[in-house]
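Remarks on the structure that follows.
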Amino acid sequence: MKASRGGEAYARIYSVVRRVPRGRVVTYGAVARLAGVPRGARQVGYALHALAEADRDVPWQRVINAKGEVSPRGEADWASLQRSMLIAEGVVFDQKGRVDLTIYGWSDALVNEV
DNA sequence: TCCCTGACTGGTT
DNA sequence: AAACCAGCCAGGG
């Protein structure tokens, strides 16, 4: 079920995602590390999947996989929506639908940036 | 408590 | 560069 409030790890994950600046993207692995779950990349994805309407302040669209591409779930439409939302923020996708993480990637080294 | 599942990752092939 | 494979963690049945 949606344990959006059951797990403490989830709360930390959401808190990290909320800190990602507009127009930037972050990988699941980076969020996991910043949330204190070094190998919990999959957990991050699971946590975001459990997001409910009440958590709409969490910019989940800024979380992508290490390849720099939006992770495909069952419904491909959802992924395209995420892509649109990011483009609206100024994130650029290349012809293969991937984001250049060296430019838009946000990591702990950039936490001080606003 | 055991077993399966998954918005992932990194190393190989 | 793309497809595979094997670890990893926490939630839910």
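Keep in mind that this is a model prediction, so the values were computed, not measured. Order of the sequence lines sets the chain letters (A, B, ...), proteins ahead of strands, with each chain counted from 1. Just the heavy atoms: all of them, side chains too, but no hydrogens, waters or symmetry mates, feed the values below.
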I'd like to check the side-chain hydrogen bond (donor to acceptor under 3.5 Å, both in side chains) partners of [X]; sequence neighbours left out, ordered by chain and number.
| X | value |
| --- | --- |
| A/S71 | A/N65 |
| A/R73 | A/Q82 |
| A/R18 | A/D57 |

Take the protein atom [atom1] of [X] and the nucleotide atom [atom2] of [N], then report the distance between them rounded to whole Å.
| X | N | atom1 | atom2 | result |
| --- | --- | --- | --- | --- |
| A/R73 | B/dG6 | CZ | P | 14 Å |
| A/R33 | B/dG10 | CZ | P | 10 Å |
| A/Y46 | C/dA10 | OH | C1' | 8 Å |
| A/E69 | B/dT9 | CD | C1' | 15 Å |
| A/N65 | B/dG6 | CG | P | 17 Å |

Could you list all N or O pairs between the protein and nucleotides 5-9 of chain C that sit under 3.5 Å apart?
residue, atom, partner, partner atom, Å
C/dG7, O6, A/R42, NH1, 3.1
C/dC8, N3, A/R42, NH1, 3.3
C/dC9, O2, A/Q43, OE1, 2.2
C/dC9, O2, A/Q43, NE2, 3.0

**Request:** Can you measure from CG (A/L86) to CZ (A/F93) and round to the nearest 0.5 angstrom?
**Result:** 4.5 Å
**Request:** Measure the CD-CG distance between A/E69 and A/L101 for me, rounded to the nearest 0.5 Å.
**Result:** 11.0 Å
**Message:** On a heavy-atom basis, which atom in A/A47 and which in A/Y14 lie closest, and how many Å separate them?
**Reply:** O-OH, 2.7 Å
**Request:** Considering non-hydrogen atoms only, spot the tightest contact between A/T27 and A/A66 and give its length.
**Result:** CG2-CA, 4.1 Å
**Request:** Just jot down the side chain to side chain contact (heavy atoms under 4.5 Å, CB included) partners of A/A41, sequence neighbours excluded, or say none.
**Result:** A/Y28
**Asked** Can you name the side chain to side chain contact (heavy atoms under 4.5 Å, CB included) partners of A/I103, sequence neighbours left out?
**Response** A/D100
**All pairs passing salt bridge (Lys or Arg N to Asp or Glu O under 4.0 Å) where residues 77-97 of chain A contributes a residue, at least two apart** = A/R62-A/E89
Pairwise N/O distances under 3.5 Å, protein to nucleotides 2-4 of chain C:
none

**Prompt:** Given that both pair distances must be under 3.5 Å and the pair must be Watson-Crick or G-U, what runs of three or more consecutive pairs involve DNA chain C?
**Reply:** B:2-6 with C:9-13, B:8-13 with C:2-7
**Asked** What orientation do A/W78 and A/W60 show, parallel under 30°, tilted 30 to 60°, or perpendicular over 60°?
**Response** parallel
**Prompt:** Ignoring hydrogens and angles, does a donor from either the side chain of A/Y28 or the base of B/dA7 sit under 3.5 Å from an acceptor on the other?
**Reply:** yes
**Complete:** With the side chain defined as heavy atoms from C-beta on, A/A66 is closest, among B/dG10, B/dC8, C/dG12, to B/dG10
Could you go over nucleotides 11-13 of chain B and give all protein N or O partners under 3.5 Å, atom names and distances?
none

